[in-house]
Student: 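Got a structure for you, written out below as structure tokens; questions coming shortly.
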Amino acid sequence: MENWEHKYIVFFDGDCGVCNFWVQWILERDTKDQFMFASLQSEFGQQFLSERGLETKEFNTMYLWKPKQYYLIKSRAVLKIANLLGGIYKLSAIGKIIPRFLSDKVYDAISRNRMKLANQKCYLPDKHQKKKFIQI
């Protein structure tokens with residue numbers, strides 16, 4: 001496991017096909033090697049949630065955490081990830097003009113239907129990618 005304290009940690013629902021698709025999508029575009037990943041169901045994910053008084057039984061929210069600095073949720077996490085990936089994805093910054101309550105409504109609608117949107121296949125990272133997961 002790499003030193004996660006200097007990375008951005010993406011917490012995701014490990015049982016969700018849509019979530020696993022997006023983890024793979026981020027992995028393939030993380031040319032600056034700045035992200036690591038942990039499922040919300042893992043011991044590490046549960047500790048993260050518990051320490052912040054967040055829901056520990058429902059996993060319908062993605063979190064982006066910069067240790068010792070901040071964490072973002074839902075649409076703001078998605079926009080920040082895109083911005084950090086850089087390149088064409090920096091254009092996502094325009095999404096910040098949409099009020100958070102509206103962008104989170106869209107996020108919540110997708111989240112409610114995520115189990116129907118993608119098959120529930122298990123993503124298997126390659127050897128290099130496996131190092132980017134905390135408690136795989």
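Remember, it's a predicted structure, so these values are computed and weren't measured experimentally. In what follows, residues are counted from 1 in the order of the sequence shown.
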Student: Kindly state each residue pair satisfying side chain to side chain donor-acceptor pair (under 3.5 Å) with at least one member in residues 40-51, sequence neighbours excluded.
Tutor: Asp13-Gln41, Asp15-Gln41, Gln47-Glu51
Student: Who passes side-chain contact (heavy atoms from CB on, under 4.5 Å) against Leu102, sequence neighbours left out?
Tutor: Ile98, Pro99
Student: Ignoring hydrogens and geometry, is there a side-chain-to-backbone donor-acceptor pair from Gln34 to Tyr8 under 3.5 Å?
Tutor: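 Not at all, since once roles are kept as given, no pair shorter than 3.5 Å links the two residues.
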Student: Do the side chains of Met36 and Val10 get nearer than 4.5 Å, heavy atoms only?
Tutor: no
Student: Has Ile88 got more than 12 heavy atoms of other residues, nucleotides or ligands less than 6.0 Å from its CD1?
Tutor: no
Student: Mind checking what makes ring-ring contact (aromatic ring centres under 6.0 Å, His included) contact with Tyr71, not counting sequence neighbours?
Tutor: Phe48
Student: Atom CZ in Arg29, atom CD in Gln24: separation rounded to 0.5 Å?
Tutor: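 The CD atom of Gln24 is 9.0 Å from CZ of Arg29, to the nearest 0.5 Å.
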Student: Measuring from atom OG of Ser39 to atom CZ of Phe133, what distance do you get when rounded to the nearest 0.5 angstrom?
Tutor: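 Reported value, rounded in 0.5 Å steps: 9.5 Å.
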Student: Measuring from Glu55:CD to Lys57:NZ, what's the distance to the nearest 0.5 Å?
Tutor: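 So the CD of Glu55 and the NZ of Lys57 are separated by 8.0 Å.
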Student: Could you list the residues that satisfy salt bridge (Lys or Arg N to Asp or Glu O under 4.0 Å) with Lys74, not counting sequence neighbours?
Tutor: Asp108
Student: Working to the nearest 0.5 Å, report the span between CG of Leu85 and OG1 of Thr31.
Tutor: 7.5 Å
Student: If a pair satisfies salt bridge (charged side-chain N to carboxylate O under 4.0 Å, His left out) and one of its residues is in residues 81-101, list it, with sequence neighbours excluded.
Tutor: Arg100-Asp104
Student: Look up atom CD1 in Ile94 and atom CG in Leu79, then write down how far apart they are to the nearest 0.5 Å.
Tutor: 11.0 Å
Student: Please confirm whether the ring centroid of Phe37 lies under 6.0 Å from the ring centroid of Phe11.
Tutor: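 Centroid separation for Phe37 and Phe11: 6.0 Å or greater.
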Student: Between Ile134 and Trp4, which heavy-atom pair has the shortest distance, and what is it?
Tutor: CD1-CB, 3.5 Å
Student: Under 6.0 Å between ring centres: does that hold for Tyr89 and Trp25?
Tutor: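 Aromatic pair counts; centres sit under 6.0 Å.
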Student: If you apply the rule side-chain contact (heavy atoms from CB on, under 4.5 Å), what do you find for Tyr107 with Ile73, and how did you get there?
Tutor: CA-CA 10 Å; Tyr107 182 98; Ile73 65 171; over 6 Å; no
Student: Determine whether a donor-acceptor pair (N or O, by modelled atom type, separation under 3.5 Å) exists between the side chain of Asp30 and the backbone of Ile26.
Tutor: no
Student: Report yes if some heavy atom in the side chain of Phe12 is under 4.5 Å from a heavy atom in the side chain of Asn20; otherwise report no.
Tutor: yes
Student: Answer whether the closest heavy-atom distance between the side chains of Trp22 and Val78 falls below 4.5 Å.
Tutor: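 A side-chain contact is absent here, since even the closest heavy-atom pair is not under 4.5 Å.
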Student: Report, one line per pair, each donor and acceptor closer than 3.5 Å where one atom sits in a side chain of residues 58-69; sequence neighbours left out.
Tutor:
residue	atom	partner	partner atom	Å
Lys66	NZ	His6	O	3.4

